[in-house]
Each structure stands twice: as C-alpha cells, then as structure tokens.
**Student:** 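First the structure, which I've put down as structure tokens, then a few questions once you've had a look.
Note that ligands are numbered from 1 as they come in the structure, with each ligand's atoms numbered from 1 the same way.
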Amino acid sequence: FQLLADLIKLQVFVAPHQAIEPDIAALVCEQHGYVFEREKREKGGGVHKVEEVIVEPEAPADEPEEALKLRPPIITIMGHVDHGKTTLLDRIRKSRITASEAGGITQHIGAYKIEHDGKPVTFIDTPGHAIFSSMRARGADITDIVVLVVAANDGLMPQTLEAIAHAKKAQKTIIVAINKCDLESANPMHVKSQLAERGLQTTDFGGDTECVEISALNGKGVDELLDLLALQAEVLELKANPKGHARASIIEAKYQQGRGAVASVIVESGTLRTGKPFICGPFAGKVKALINDRGEAIKEATPGTPVEVIGFEELPRVGDSLVEMENDRTSKKLAGERQEELRAERLKVPQKSRMEDLLAHAHDGGAKAILRLILKTDVQGSVEAIRNAVLDIESDKVDVNFLSAAAGPITEGDVQLASSSDAVVIGFNIKVEAKAARLAKAEGVQIKLYSVVYELIDQVREAMLGLLEPET
Ligand code: GDP
C-alpha cells in the first residue's frame, strides 16, 4: 500500500500487479534507498531496450531503520484572522536570529528554520489553512504539528473552528497558543472551556491537548510554546533518510525577473544539492541554485529544511513533489511521459467541477467559489427541505447555487445541464437513468447519490470547507 501511495503521489495510478514504467519503478526504488537495475538488451542500431518490470505492491518499501535520522518538525500556524498568526511568526523568526546573523536580511521563502535549545524547528511562513489544504489536496502532507492561535479576548471564531476541522481531519497534533494574554480583556479560561466543547480538552483540565498562554506582541510565553513544540517533535520521532536521492515538496512558486520560475520547497528526504537533475510534476529541471531563508546561496539542503530552488523549466504547483533523478536523460524522459499522460487525460474526459476540489480553485484570487448543484429527489417534499438545509450552510468561501431542484430520476437532461454549466448532480433516494450515467461518464460530470439526508448535508458542508476527500 505504501508503494501504491507513492505511485499516486507521482500521479501514477495503477492496480496491484499492473506493470509500471521502468523510470517510475526506478524513481520509487530510489526514494526508498534501493537501486533499481535495468535489464538492457542490444537491439538494432545499438538502441537499448528497457524491459518492463512488475513491482509487487507488497515489496518492502520502508527506509532501513538505521538510515533514518531525526529531522526538524514542520509547523503550520492556523487560526482566525487577526488573532495574531503573523505577529507570532515574525516574533519567532526575529527572536531566533543569533547575534552573528543580526545584520543579515531574512528572506521570505515561504518557510523558515530556527534553532530552539539547539534543536531545529521549521515553520511554514504562510499562516492560515489555504496552503495546508491545497497541499493536502495534492497528497503533500508535510505539516507535522499545527499551532492553533486563539486570541484570548475573542475566543473561538469561525476560522478557528475551520482550522480545528482541517487539523483533525488530517490527524495532526494540535498545540493551542492562546494569544493576546497581555490584554485586560483576555480570558484564557473561557477559551479553554470553548476548546473543551470542541473536543480539545487542555492538559490542565485533564485532557491531552497542550496549550500555552502567550503574547505574540511582547513575547511572553513564546519560549514555552517552542519548548512544547520541541517536546512534541521528540514524541513524534520525526525521522528521514538524509542520504540518497532528494525528495521535496513545493510550498510556493513564482516567476521572477531574470531568475525564471522559482519555487520554495521543504526537503522531505535525501539531500537536495546544486547541479542535480530533477522531475517536478510533468516538468524536468536542474537545481541551478539553492537559497536559504537568510538569502544565502547554499550547496545542499537536508530533510526538514526550507530552501528556494532555481532551475525549474516551468512554474510548479504548490504541493507538487520535486524528486531528484539520476541524470538529465531520465528526468526529461519521465517529464515527456507525464506530459503525454496529461494530454491524453485532458483529451479523454473534459474536467468538470467536482465537490472534492471546489476550494482548490478558490484559494488564489480570494473570490468566492461557486458550487452549482442540480438536485433530484424521490418526493417533492424532500426537495425544499434539502435545498434549504444546503442553503443554510454558512461559508465565507463558497456560494451555493441551485440550477434546478426537482423530484424524479436523474435524466440525460440533468447531466447535459450540469455539463454545460459546470455543475454537480446530487441525487437523493433516486436512480440514475442508464443514458444519463453514460453521458455523465463521457462528459466528466460528477453525480453524487445519497440515501441519508445528514450524509448529504455533511458532505456538501465538507466540500465547502475543502475537507471532502476525493472518491477512490
Ligand atoms: P493574523 O491575521 O492572525 O496574522 O493577525 P496579526 O498577526 O496580523 O495580528 C492582528 C492584530 O493583533 C495586529 O494589530 C497585532 O499587532 C495584534 N496582536 C497580535 N498579537 C498580539 C498580542 O499578543 N497582544 C496584543 N495586544 N495584540 C496582538
């Protein structure tokens, strides 16, 4: 299963026992510290014929224990707007710059690494959960611990609840920082009781959620927070193999005048070095330069380290994996294959809206996403009930728009409407006509069927929060 998961990360979808491309097999082997040997046969004109291999999913895929070394924990700060996430990130970054570096300019590369009590800790520098969920949507789940910032004078707010939901869904350890405790109006006890109501009982109330009262403004409690993070990192025993081929996750990407496509990554395993060829999404590249969070050019970056990479052919996407390749030839070949696959994919089924990736398109512009729905139910009575329940779901990121809502089976007409207006068809206790099902498949229209009202409402709500897992 590890192997299948790895393949999915590489955007390769295969069934167990299905043959995979040799380059991909090599890539997976490399990631796990194995050497993939090709069988070569001379064929006319000296062309090497590469045999296809079958990789058994049960094959041992874990890194050998002795190769694993401790790596810094990767922290994401989440919480409601104005509760002090940016102030906290700035405070931690500035207070950790040692005297010798005091004059150095800190460079925003999407994440930074500090040392606390001699132990490294990496912070994702973009607060909020947009990056968290867009990375997760791509299977790039690099955060180890979520710091939930809650302002002591304000308590739990909508985005706090969203952050809790995201972190829980991703099964992340949550550490709560009750911020703004310097204020007269601060009421940390109230925050703790609110947290307990949400299933996050703090340790001083007999629960297991670590919590610390801080002021990001004057720095009080921030050291304790860092102690807690270091402690938690030890408990989690975060390890990676610094040897072997590098693998990193894109956390930011932009075009820069004179430098081309530049992306910030966090190294997940192996050591990223200048001069090495790599593949990232469907594009090949070569590490031309590595810049750390102090703006210095460095030669290599170890696991858990954020670093800016120059040398992309095209702008990668946040959450894509950069994987070091043996040489330019293999990286270019694999890139070509991936591009071909994408092209074929695009030609095959026009990509329509899906509930699962509703928010993926909403992050960038800041404009609200629109979830267009066509609702079909068993009886007229349930039409309005479901429609109203869905319209009652609150979201500041998504507007719901019912194109039609009626009783009866899902017909070809419904699917046509969905296809032309980029909508999702929802059925409650009804059947899909065979012709409609065929058309939906051909047009890439999503049909979701439910027989329990709560499930329907819950899934729509999760979709609107970006929490809905893709169907398998
Ligand atoms: P963000 O939206 O969560 O990133 O919040 P910011 O870090 O931008 O902070 C919002 C406002 O709260 C700013 O005016 C900060 O100066 C203020 N603020 C942040 N932390 C504290 C704190 O610990 N105490 C007080 N009194 N104000 C704070």
**Student:** Provide the number and element of each atom of ligand 1 under 4.0 Å from a heavy atom of Val81.
**Tutor:**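 It comes down to these atoms of ligand 1: 2 (O).
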**Student:** Counting both backbone and side chain atoms, is some N or O of Gly84 under 3.5 Å from an N or O of ligand 1?
**Tutor:**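 Checking ligand 1 against Gly84, an N or O pair does fall under 3.5 Å apart.
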**Student:** Looking at Asp182, which atoms of ligand 1 are within less than 4.0 Å of one of its heavy atoms?
**Tutor:**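 Counting atoms of ligand 1 from 1, those under 4.0 Å from Asp182 are 22 (C), 23 (O), 24 (N), 25 (C), 26 (N).
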**Student:** Counting heavy atoms only, which part of Asp82 comes closer than 4.0 Å to ligand 1: side chain, backbone, both or neither?
**Tutor:**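 Near ligand 1, Asp82 shows its backbone as well as its side chain.
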**Student:** Arg91 side chain to Leu217 main-chain N or O, any donor-acceptor pair under 3.5 Å?
**Tutor:**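 Yes, the answer is positive, given that a donor and an acceptor are paired below the 3.5 Å cut-off.
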**Student:** Quick one: which residue pairs count as a ring pair (Phe, Tyr, Trp, His ring centres under 6.0 Å) with a foot in residues 448-468, not counting sequence neighbours?
**Tutor:**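 Qualifying pairs, neighbours excluded: none.
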**Student:** Any salt bridge (charged side-chain N to carboxylate O under 4.0 Å, His left out) involving residues 211-224? Give me the pairs, sequence neighbours left out, ordered by first then second residue.
**Tutor:** Arg96-Asp223, Lys192-Glu213
**Student:** With heavy atoms only and a cut-off of under 4.0 Å, state how Leu217 meets ligand 1: side chain, backbone, both or neither.
**Tutor:** both
**Student:** Indicate yes or no: does Arg93 engage Asp125 in a salt bridge with an N to O separation below 4.0 Å.
**Tutor:**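 Salt bridge flag = yes for Asp125 with Arg93.
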**Student:** Check this for me: does any side-chain nitrogen of one of Arg338 and Glu341 sit under 4.0 Å from a carboxylate oxygen of the other?
**Tutor:** no
**Student:** For a quick check under 3.5 Å, do Gln159 and His83 share a side-chain donor-acceptor pair by atom type?
**Tutor:**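 Looking only at side-chain atoms, His83 and Gln159 do not form any donor-acceptor pair under 3.5 Å.
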**Student:** Hey, which atoms in ligand 1 end up nearer than 4.0 Å to a heavy atom of His80?
**Tutor:**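 Here the atoms of ligand 1 in question are 3 (O).
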**Student:** I need the contact type for His83 against ligand 1. Using non-hydrogen atoms and a strict under-4.0 Å cut-off, is it side chain, backbone, both or neither?
**Tutor:**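 Looking at His83 and ligand 1, just backbone atoms fall under 4.0 Å.
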